[in-house]
Every structure is written in C-alpha cells, then in structure tokens.
Enquirer: 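I am attaching a structure below and will ask some questions about it afterwards.
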Amino acid sequence: MIITDNHMHLDPKGLGIEAAKKFLRAGGTHLFIVYKYAKDYGIDVKDEKDFEKAYDIVIELCREVNEKTDLKAYCIVGIHPSEVVELYKKFGERKTWDLCTKTFDIIAKKYEEREIIGVGEIGRPHFPVSNEILEFCQKIMNKGLELSRDLDCAIQLHLESFGNKEKFYELEKIVKRYGRKERVIKHFAPPNVKIFDKIGIMPSIIASEKNIKEAIKGGNRFLMETDYIDDLTRPGAVMGPKTVPRTTFKLLNSHILSEDDIYKIHRENIEKLYKITLE
Ligand SMILES: [Zn+2]
C-alpha cells in the first residue's frame with residue numbers, strides 16, 4: 001500500500017535520514033522533502049548562489065534517502081515567505097526582488113534537470129507584517145505561481161490560516177490570474193475539502209486523526225502531511241514522522257477511511273498533481 005507524506009522537512013542537524021526511516025518503519029512509502037530556510041543548512045544568503053548551495057544540500061539529503069532506504073523521496077525547493085521577510089528587512093525591496101527572481105531561474109533549471117519535482121514553500125507569512133512587506137510577499141508569490149505555470153510543475157503554497165470563506169475565493173482569484181490551479185497545493189490546509197474542491201486547489205492537510213476525520217466527510221480529494229520540522233531543539237513542536245502512516249492505518253481499521261480513499265489520497269491525487277507515477 002502506498003502511503004505518502006506530502007510535506008516533511010529533513011534537517012542535517014536533526015534526525016535527517018533517521019526520521020525518514022521512522023516514517024518507513026511505520027508503513028510510509030513515499031515522501032516529499034521540502035526545503036526550509038537557508039540558515040537551517042548553515043547558509044547566510046547574500047546572493048542567489050547561496051540559495052543554490054542550500055538547495056543542493058536538500059537535494060543531496062533526498063538522494064541519500066533514495067539510495068539508503070526503500071523509500072521514494074522527492075525534493076521541493078522554494079523561498080519561504082519568512083525568508084522573504086528577512087531578506088526584505090536586510091536588503092530592501094530592489095535587491096530582494098532581484099535576488100528572488102534570479103533564484104527562481106535557478107529553481108527552474110533544477111526542475112528541468114529533474115533534481116526537484118516542484119516548487120515550495122512560497123507564499124505569504126503566517127505572522128503579521130507591515131502592509132508594505134505583505135504586498136512584496138504577494139508579488140513574490142505571484143511570481144512563484146507564474147514559475148510553476150510556465151514549468152507546469154506543482155507548487156506548495158505557505159499562507160496564513162484561513163479563518164473565513166473569503167480567503168479561499170481570494171486565493172482562487174490569484175491562482176486563476178498567475179498560476180495553473182491543477183498544480184497548486186495549499187500546504188497546512190484546513191480540512192475544508194469541499195470548498196477546496198470548488199476552487200480547484202489541492203489541500204494538503206496535517207495528518208491528525210481529528211483533521212482527517214473531518215476532511216473525509218467532504219470527500220477524498222486531499223493530501224496528507226506532517227510538516228515535520230526535524231528540529232531537535234523543538235521536540236513536539238509539530239507532528240512526528242510516523243504520523244501519516246499511523247493515522248491512515250488507524251482510520252482504515254476503524255472504517256473511517258476505505259482502501260479506495262487511501263488509494264486516492266496517497267496515490268492518485270499525488271500522481272495527478274506532480275505528473276508522476278508512484279510504484
Ligand atoms: Zn513546512
């Protein structure tokens with residue numbers, strides 16, 4: 001049975017490949033390893049080449065998981081909105097824009113060379129910032145959506161939490177204008193599966209039992225993730241690497257998820273979005 005974690009971070013200073021092995025032992029088979037911040041890989045960004053160095057570390061970690069375990073790992077890199085905020089404060093608007101657009105060219109090259117499978121996290125910060133910075137983050141997000149549309153590759157968006165319905169329709173509008181909705185994923189999504197279905201964007205939902213029980217009421221058009229951060233200084237800050245398989249099997253045993261649901265969530269939805277075949 002294919003069991004996929006759509007959003008996990010592995011940190012060279014954390015458990016790294018050992019966290020992936022935990023996922024495997026719990027029944028996981030496929031995972032998407034998402035880039036965190038350059039500073040997590042010991043890199044202080046001054047120009048786009050520094051981003052590339054950080055990306056290469058994640059790509060290497062991903063390669064190691066594929067070589068040393070029975071898992072299939074895919075790599076996703078982007079510019080996290082928190083990182084955009086920091087760069088903006090440090091370098092100002094012009095230099096940050098220039099740096100980010102040059103970095104997007106590097107991402108495009110890495111996608112074309114199949115070193116990565118998609119773009120992310122890109123989007124808006126989840127914490128309050130000035131209007132000026134928020135507008136800038138939106139510009140970068142639009143550019144990221146254009147990049148994914150031009151490459152026709154998946155993009156994982158990081159956004160503030162969606163308390164009201166207006167947020168979903170606002171996102172739909174932005175994606176319609178800049179992106180390609182068949183490739184857009186909202187990472188850390190709330191379990192409002194029906195409304196995501198309506199706007200045509202794929203929710204990637206944090207795999208707590210409570211969330212998935214709620215999500216499945218709206219159908220099986222969603223993905224599951226842990227957003228595991230692999231930070232040893234913050235144990236328990238987010239879910240552990242075993243959560244996706246554990247929740248899936250538990251809800252299968254209690255007949256809340258069917259085998260068909262699992263096939264759809266862990267395989268079909270993933271295959272369509274990323275244009276890949278899982279084996
Ligand atoms: Zn994340």
Side-chain angles (χ1 to χ4, degrees), residues 4-9 30-38 48 51-52 54-55 58-59 62 73-85 97 100-126 136-162 167-190 196-197 199-206 221-225 227 268-276:
T4 309
D5 189 326
N6 181 57
H7 189 110
M8 197 188 257
H9 301 284
H30 294 69
L31 73 158
F32 289 79
I33 300 174
V34 185
Y35 160 84
K36 292 209 275 186
Y37 313 123
E48 67 282 3
F51 270 120
E52 185 162 25
Y55 296 162
V58 194
I59 291 166
C62 195
Y74 297 96
C75 191
I76 292 187
V77 306
I79 310 175
H80 196 286
S82 307
E83 210 164 28
V84 174
V85 172
W97 178 257
C100 291
T101 50
K102 282 181 180 156
T103 302
F104 282 167
D105 292 340
I106 292 172
I107 294 175
K109 190 187 81 197
K110 292 203 177 289
Y111 177 74
E112 275 153 6
E113 289 169 358
R114 285 291 177 268
E115 289 190 282
I116 60 168
I117 194 83
V119 190
E121 304 173 33
I122 282 176
R124 297 192 293 242
H126 52 273
F136 184 78
C137 289
Q138 186 63 58
K139 267 170 67 183
I140 297 288
M141 173 175 153
N142 300 345
K143 192 87 185 158
L145 283 165
E146 285 174 348
L147 175 72
S148 100
R149 183 189 64 198
D150 295 346
L151 297 171
D152 195 23
C153 76
I155 179 167
Q156 292 206 13
L157 295 178
H158 173 111
L159 298 162
E160 69 281 3
S161 51
F162 276 22
K167 288 270 186 192
F168 292 88
Y169 298 122
E170 184 237 354
L171 178 63
E172 181 186 26
K173 257 191 211 156
I174 295 170
V175 169
K176 225 178 214 166
R177 178 149 178 214
Y178 300 99
R180 197 172 137 74
K181 67 175 194 283
E182 295 82 358
R183 302 276 163 260
V184 180
I185 300 163
K186 181 180 184 315
H187 137 69
F188 215 98
F196 276 110
D197 208 1
I199 64 171
I201 291 164
M202 184 62 80
S204 182
I205 299 173
I206 293 286
R221 190 185 168 280
F222 65 90
L223 312 175
M224 281 166 76
E225 65 169 56
D227 198 17
E268 239 177 54
N269 293 341
I270 295 273
E271 289 185 331
K272 264 194 210 156
L273 263 156
Y274 293 97
K275 300 188 297 178
I276 50 176

Enquirer: Can you confirm whether K109 is buried at NZ, in the sense that more than 12 heavy atoms of other residues, nucleotides or ligands lie under 6.0 Å from that atom?
Expert: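 More than 12 heavy atoms, drawn from other residues, nucleotides or ligands, come within 6.0 Å of this atom.
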Enquirer: Considering non-hydrogen atoms only, spot the tightest contact between C75 and I59 and give its length.
Expert: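 Scanning both residues, the minimum pair turns out to be SG-CG1, 3.8 Å.
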Enquirer: Y178: what forms a ring-ring contact (aromatic ring centres under 6.0 Å, His included) with it, not counting sequence neighbours?
Expert: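 Checked Y178 against ring-ring contact (aromatic ring centres under 6.0 Å, His included); zero matches.
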Enquirer: Determine whether V175 and I201 satisfy the following criterion, side-chain contact (heavy atoms from CB on, under 4.5 Å), listing intermediate values before the conclusion.
Expert: CA-CA 9 Å; V175 169; I201 291 164; 3.7 Å; yes
Enquirer: Is any side-chain heavy atom of H126 closer than 4.5 Å to one of H158?
Expert: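 Heavy-atom side-chain distance check passes, below 4.5 Å.
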Enquirer: What residues, two or more places apart in sequence or in another chain, satisfy side chain to side chain donor-acceptor pair (under 3.5 Å) together with N6?
Expert: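 Here the qualifying residues are Q156, S204, Y274.
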Enquirer: Excluding sequence neighbours, so at least two apart, what forms side chain to side chain donor-acceptor pair (under 3.5 Å) with D105?
Expert: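 Testing D105 for side chain to side chain donor-acceptor pair (under 3.5 Å), a comparison that skips the adjacent residues, returns none.
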Enquirer: Residues two or more places apart in sequence or in another chain: which of them pass ring-ring contact (aromatic ring centres under 6.0 Å, His included) with Y37?
Expert: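 ring-ring contact (aromatic ring centres under 6.0 Å, His included) check on Y37 returns H80.
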Enquirer: Taking all heavy atoms of P125 and all of P81, pick out the closest pair and write down the distance.
Expert: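 Answer, listing the atom of P125 first, then P81: N-CB, 3.6 Å.
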Enquirer: With sequence neighbours excluded, tell me which residues meet side chain to side chain contact (heavy atoms under 4.5 Å, CB included) with L273.
Expert: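 Testing L273 for side chain to side chain contact (heavy atoms under 4.5 Å, CB included), a comparison that skips the adjacent residues, returns I185, M202, L223.
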Enquirer: Backbone N or O of V34 within a donor-acceptor pair of the H9 side chain at under 3.5 Å?
Expert: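 Yes: the side chain of H9 pairs with the backbone of V34.
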Enquirer: Please name all residues satisfying ring-ring contact (aromatic ring centres under 6.0 Å, His included) with F222, sequence neighbours left out, ordered by chain then number.
Expert: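 Testing F222 for ring-ring contact (aromatic ring centres under 6.0 Å, His included), a comparison that skips the adjacent residues, returns none.
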Enquirer: After noting the C-alpha distance and the side-chain angles of L171 and L157, does the key distance pass the side-chain contact (heavy atoms from CB on, under 4.5 Å) rule?
Expert: CA-CA 10 Å; L171 178 63; L157 295 178; 3.9 Å; yes
Enquirer: What distance separates R149 CZ from I155 CD1, expressed to the nearest 0.5 Å?
Expert: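 Here the interatomic distance stands at 11.5 Å.
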Enquirer: side-chain contact (heavy atoms from CB on, under 4.5 Å) between I106 and F51: does it pass, once the steps are laid out?
Expert: CA-CA 9 Å; I106 292 172; F51 270 120; 5.6 Å; no
Enquirer: Could you walk me through whether M224 and T4 pass the side-chain contact (heavy atoms from CB on, under 4.5 Å) check?
Expert: CA-CA 7 Å; M224 281 166 76; T4 309; over 6 Å; no
Enquirer: Test of understanding: with side chain to side chain contact (heavy atoms under 4.5 Å, CB included), list the residues that count as partners of E182, not counting sequence neighbours.
Expert: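 By the side chain to side chain contact (heavy atoms under 4.5 Å, CB included) rule, E182 matches R180.
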Enquirer: Supply the atom-to-atom distance M141 CE to E121 CD, rounded to the nearest 0.5 angstrom.
Expert: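 Nearest 0.5 Å value for the CE-CD distance: 13.0 Å.
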Enquirer: Using the test side chain to side chain donor-acceptor pair (under 3.5 Å), find all partners of H30 that sit at least two apart in sequence or belong to another chain.
Expert: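 In terms of side chain to side chain donor-acceptor pair (under 3.5 Å), with neighbours along the sequence ignored, H30 is linked to no residue.
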Enquirer: Could you tell me which non-hydrogen atom of C137 sits nearest to which non-hydrogen atom of V85, and how far apart they are?
Expert: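 Of all heavy-atom pairs spanning C137 and V85, the closest is SG-CG2, 3.9 Å.
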Enquirer: Give a yes or no on whether K275 atom NZ has more than 12 heavy-atom contacts from other residues, nucleotides or ligands under 6.0 Å away.
Expert: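 Yes, because the 6.0 Å sphere around NZ of K275 holds more than 12 heavy atoms from other groups.
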Enquirer: Test of understanding: with side chain to side chain contact (heavy atoms under 4.5 Å, CB included), list the residues that count as partners of F104, not counting sequence neighbours.
Expert: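 I79, I107, I122, I140, K143, L147.
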Enquirer: Under 3.5 Å, which donor-acceptor pairs link side chains of residues 110-120 to any protein atom two or more places apart or in another chain?
Expert:
from	atom 1	to	atom 2	distance (Å)
K110	NZ	E52	OE2	3.4
K110	NZ	D56	OD1	2.8
K110	NZ	E115	OE1	3.4
R114	NH1	Y111	O	3.0

Enquirer: If you define the side chain from C-beta out and look only at heavy atoms, does anything of F196 sit under 4.5 Å from P190?
Expert: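 The answer is yes, as the side chains (C-beta and beyond) meet within the 4.5 Å cut-off.
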Enquirer: Between E170 and R124 (salt bridge meaning N to carboxylate O under 4.0 Å), is one present in this structure?
Expert: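 So E170 pairs with R124 through a salt bridge.
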Enquirer: Report yes if the side chains of I33 and V58 come closer than 4.5 Å at any heavy-atom pair, otherwise no.
Expert: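 I33 reaches V58 side chain to side chain.
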Enquirer: With sequence neighbours excluded, what pairs up with Y74 under the ring-ring contact (aromatic ring centres under 6.0 Å, His included) test?
Expert: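 So Y74 forms a ring-ring contact (aromatic ring centres under 6.0 Å, His included) with F32.
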Enquirer: Report the distance from atom CD1 of I199 to atom NZ of K176, rounding to the nearest 0.5 Å.
Expert: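 The NZ atom of K176 is 10.5 Å from CD1 of I199, to the nearest 0.5 Å.
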Enquirer: Decide whether Q138 and N142 meet the rule of one side-chain donor and one side-chain acceptor closer than 3.5 Å.
Expert: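 Distance-only check passes for Q138 and N142.
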Enquirer: Check whether any side-chain heavy atom of E225 lies under 4.5 Å from a side-chain heavy atom of I206, and answer yes or no.
Expert: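 Touching, per the 4.5 Å side-chain cut-off.
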Enquirer: More than 12 non-hydrogen atoms from neighbouring residues, nucleotides or ligands closer than 6.0 Å to NZ on K139, yes or no?
Expert: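 For K139, atom NZ is crowded (more than 12 foreign heavy atoms under 6.0 Å).
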Enquirer: Can you name the residues that form a side chain to side chain donor-acceptor pair (under 3.5 Å) with N269, not counting sequence neighbours?
Expert: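 Once residues adjacent in sequence are excluded, N269 has no partner under the side chain to side chain donor-acceptor pair (under 3.5 Å) criterion.
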Enquirer: Closest approach of E48 and T103, non-hydrogen atoms and distance?
Expert: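 Scanning both residues, the minimum pair turns out to be CB-OG1, 3.5 Å.
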Enquirer: Could you tell me whether E83 and K36 have a side-chain N and a carboxylate O separated by less than 4.0 Å?
Expert: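 No, this pair does not count.
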Enquirer: Identify the two heavy atoms, one from G123 and one from L159, that lie closest to each other, and give their separation to 0.1 Å.
Expert: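 Answer, listing the atom of G123 first, then L159: CA-CD2, 4.5 Å.
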Enquirer: Does any N or O in the side chain of R221 come within less than 3.5 Å of the main-chain N or O of P203, such that one atom is a donor and the other an acceptor?
Expert: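 The answer is no, because no donor-acceptor pair under 3.5 Å joins these two groups.
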Enquirer: Flag the pair K181 / E172 as yes when at least one side-chain heavy-atom distance between them is below 4.5 Å, and no otherwise.
Expert: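 No. Closest side-chain heavy atoms not under 4.5 Å.
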Enquirer: Could you label the plane-to-plane angle of the F168 and F162 rings as parallel, tilted or perpendicular, counting under 30° as parallel and over 60° as perpendicular?
Expert: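 Ring orientation, 0 to 90° scale: perpendicular.
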Enquirer: What closest approach, in Å, do G78 and Y35 show between heavy atoms, and which atom pair accounts for it?
Expert: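 Minimum heavy-atom separation between G78 and Y35: O-CE2, 3.2 Å.
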